[in-house]
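Note sheet for the following structure.
Note that the numbering runs from 1 along the sequence shown for the chain.
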Amino acid sequence: MPSLIGADIITLNATKKTIGDHIVSAATGRDCSVISFTETGDYCPDKVVVDRSRVYCYRTLADVECHHIPDPYKNGHTALASPPPDIRTVPRRKGWFDE
């Protein structure tokens, strides 16, 4: 039993998952982790992709204006930080029990 606990601690430090998390992840096809459960309250959260590549924001007189093309008015302004990015869920991979 102590060797199993030691292996679990080593695996947790190396991969941020316990041995049980790896087994559940393989069985369900999702990314399951005790650490994600303690941080977000979801044991197997959906993976998301964050796309920040298509938005350019520029300061105007009273606000910030964003476009999907760089410098649309050709006035030589430098882009500011982007607004919240496009976020989409990644399809999960097949688990042991999926056909």
Give the other cluster members for Leu12, using side-chain heavy-atom distances under 4.5 Å between Ile, Leu, Val, Met, Phe, Trp and Tyr residues; answer none if it is isolated.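 Members alongside Leu12: Ile35.
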With [X], which residues qualify under side-chain contact (heavy atoms from CB on, under 4.5 Å), at least two apart?
X     : value
Ile10 : none
Lys47 : Asp31, Val90
Tyr43 : Asp21, Val24, Cys32, Val34, Phe37

What residues form a side chain to side chain donor-acceptor pair (under 3.5 Å) with [X], not counting sequence neighbours?
X     : answer
Thr11 : none
Ser36 : none
Asp46 : Arg30

